[in-house]
Participant: 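Take this structure, written in structure tokens, and hold onto it; I'll ask about it next.
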Amino acid sequence: MIVSMEGLLLRPTMPADAAALLSLYRAVAATPNSGLARHSDEIDVSYVEAFLGGQGAGWISIGAFHEGDPVGEIHAARMQPRQFHHVFNDLTIAVHPRMQGHGVGSRLFGELFAFAARLDPPVTRIELVARTGNAAAIRLYEQLGFRAEGRFRNRVRLADGRVEDDIPMARTVDGSR
């Protein structure tokens with residue numbers, strides 16, 4: 001299912017996308033070491049509807065579609081209260097396992113960065129958290145300008161019982177740390 005980036009449509013998601021996005025998130029979560037915090041049995045329609053329904057109220061959700069099917073999605077929320085409105089947090093990105101490593105995630109982040117810059121006031125800081133075992137994602141985030149800002153030791157318990165650290169990361173428009 002490798003598609004050319006020219007055949008990829010990026011657009012804001014809509015409530016009508018809920019069932020397809022649910023399938024996408026479950027497929028990603030079922031993949032070993034997916035990087036998603038939720039397991040596939042923890043992803044239900046209410047989870048998807050929460051980020052779809054929050055749009056316009058400080059949330060943004062952008063989907064990557066190929067032939068009408070979602071192959072990726074990214075969402076984030078404007079941080080509350082108002083003194084933090086320049087910050088997006090609660091960021092989650094999911095790219096279908098067959099599409100990972102082919103630029104879909106980078107394209108989704110590019111759309112998110114462009115959207116954030118157009119807001120009033122603009123979002124100038126974007127935060128995310130990645131577990132240490134998700135090295136490919138951390139490399140991507142660093143390539144996109146995110147920098148590690150600490151470490152939450154032994155925060156993530158994996159299905160096999162091991163624990164990993166979480167790495168909070170942020171990207172600022174001016175490149176400051």
Participant: Just by distance, with hydrogens left out, do Tyr25 and Glu73 show a side-chain donor and acceptor under 3.5 Å apart?
Facilitator: yes

Participant: As an exercise, state the distance from CG of Leu8 to NE2 of His102, rounded to the nearest 0.5 Å.
Facilitator: 12.0 Å

Participant: Does a side-chain heavy-atom distance below 4.5 Å link Ile62 with His75?
Facilitator: no

Participant: Side-chain heavy atoms nearer than 4.5 Å, only ILVMFWY residues, links allowed to pass through others: does that put Val28 and Leu52 together?
Facilitator: yes

Participant: Between Leu36 and Val95, is there shared hydrophobic-cluster membership here, with clusters defined by ILVMFWY side-chain heavy atoms closer than 4.5 Å?
Facilitator: no

Participant: In the structure I gave you, are the side-chain heavy atoms of Arg147 and Glu142 within less than 4.5 Å of one another anywhere?
Facilitator: yes

Participant: May I ask you to test the Asp165-Phe152 pair for a side-chain heavy-atom distance under 4.5 Å?
Facilitator: no

Participant: Verify the cluster assignment for Val104 and Leu140: are they in a single hydrophobic cluster under the rule of side-chain heavy atoms below 4.5 Å apart?
Facilitator: yes

Participant: Indicate the atoms forming the closest heavy-atom contact of Arg131 with Asn33, along with that distance.
Facilitator: NH2-CA, 3.2 Å

Participant: Drop me the distance from Ile138's CD1 to Gln143's CD, to the nearest 0.5 angstrom.
Facilitator: 12.5 Å

Participant: Given side chain to side chain contact (heavy atoms under 4.5 Å, CB included), test Leu22 with Ile43 step by step and report yes or no.
Facilitator: CA-CA 7 Å; Leu22 176 62; Ile43 296 173; 3.8 Å; yes

Participant: Out of curiosity, Leu21 CG to Arg26 CZ, how far, rounded to the nearest 0.5 Å?
Facilitator: 12.5 Å

Participant: Step by step, work out the side chain to side chain contact (heavy atoms under 4.5 Å, CB included) result for Glu164 and Leu158.
Facilitator: CA-CA 8 Å; Glu164 288 187 347; Leu158 303 175; 3.7 Å; yes

Participant: Determine whether Arg151 and Asp166 make a side-chain contact, defined as any pair of heavy atoms from C-beta on separated by less than 4.5 Å.
Facilitator: no

Participant: If every non-hydrogen atom of Gly150 is compared with every non-hydrogen atom of Pro168, which pair is closest and at what distance?
Facilitator: O-CD, 3.4 Å

Participant: Can you check whether Tyr47 reaches Thr92 side chain to side chain, under 4.5 Å on heavy atoms?
Facilitator: yes

Participant: Any non-hydrogen side-chain atom of Leu112 less than 4.5 Å from a side-chain atom of Ile60?
Facilitator: yes

Participant: When rounded to the nearest 0.5 angstrom, what distance separates OG1 in Thr172 from CZ in Phe146?
Facilitator: 10.0 Å

Participant: Check whether Ile74 and Val71 end up in the same hydrophobic cluster, where Ile, Leu, Val, Met, Phe, Trp and Tyr are linked by side-chain heavy atoms less than 4.5 Å apart.
Facilitator: yes

Participant: Has the side chain of Thr31 got a donor or acceptor atom that lies under 3.5 Å from a matching backbone atom of Ala27?
Facilitator: yes

Participant: What is the minimum heavy-atom distance between Ser40 and Ala29, and which atoms define it?
Facilitator: N-CB, 3.5 Å

Participant: According to the interplanar angle, ranging from 0 to 90°, do the rings of Phe113 and Phe109 count as parallel (below 30°), tilted (30 to 60°) or perpendicular (above 60°)?
Facilitator: tilted

Participant: When you measure from the side chain of Glu111 to the backbone of Leu108, do you find a donor-acceptor pair of N or O atoms at a distance under 3.5 Å?
Facilitator: no

Participant: Rounded to the nearest 0.5 Å, what's the gap from CG on Leu9 to CD on Glu67? Could you check?
Facilitator: 12.0 Å

Participant: Could you pull out the closest heavy-atom pair between Asn134 and Gly35, with the gap in Å?
Facilitator: ND2-CA, 3.2 Å

Participant: Does Leu10 belong to the same Ile/Leu/Val/Met/Phe/Trp/Tyr cluster as Ile126, with side-chain heavy atoms less than 4.5 Å apart forming each link?
Facilitator: yes

Participant: Nearest heavy-atom pair of Gly7 and His66: which atoms, and what distance?
Facilitator: O-CD2, 3.5 Å

Participant: Which atom pair, heavy atoms only, marks the closest approach of Pro122 to Ala117?
Facilitator: CB-O, 3.6 Å

Participant: Mind listing the side-chain donor-acceptor pairs of residues 81-90 below 3.5 Å, one per line with the distance, residues two or more places apart or on another chain?
Facilitator:
unit_1	atom_1	unit_2	atom_2	d
His85	NE2	Gln80	OE1	3.3
His85	NE2	Gln80	NE2	3.4

Participant: Do the side chain of Arg171 and the main chain of Leu144 share a donor and acceptor less than 3.5 angstrom apart?
Facilitator: yes

Participant: Checking the side chain of His39 only, and the main-chain atoms of Asp41 only, is there a donor and an acceptor separated by less than 3.5 Å?
Facilitator: no

Participant: Return the CZ to OG1 distance between Arg153 and Thr132, rounded to the nearest 0.5 Å.
Facilitator: 10.0 Å

Participant: Could you check whether any side-chain N or O of Asp17 sits under 3.5 Å from a backbone N or O of Met14, counting only pairs where one atom can act as donor and the other as acceptor?
Facilitator: yes

Participant: Checking side chain to side chain contact (heavy atoms under 4.5 Å, CB included) for the pair Val123/Arg78: CA distance, chi angles, key distance, verdict?
Facilitator: CA-CA 8 Å; Val123 168; Arg78 192 184 281 265; 4.2 Å; yes

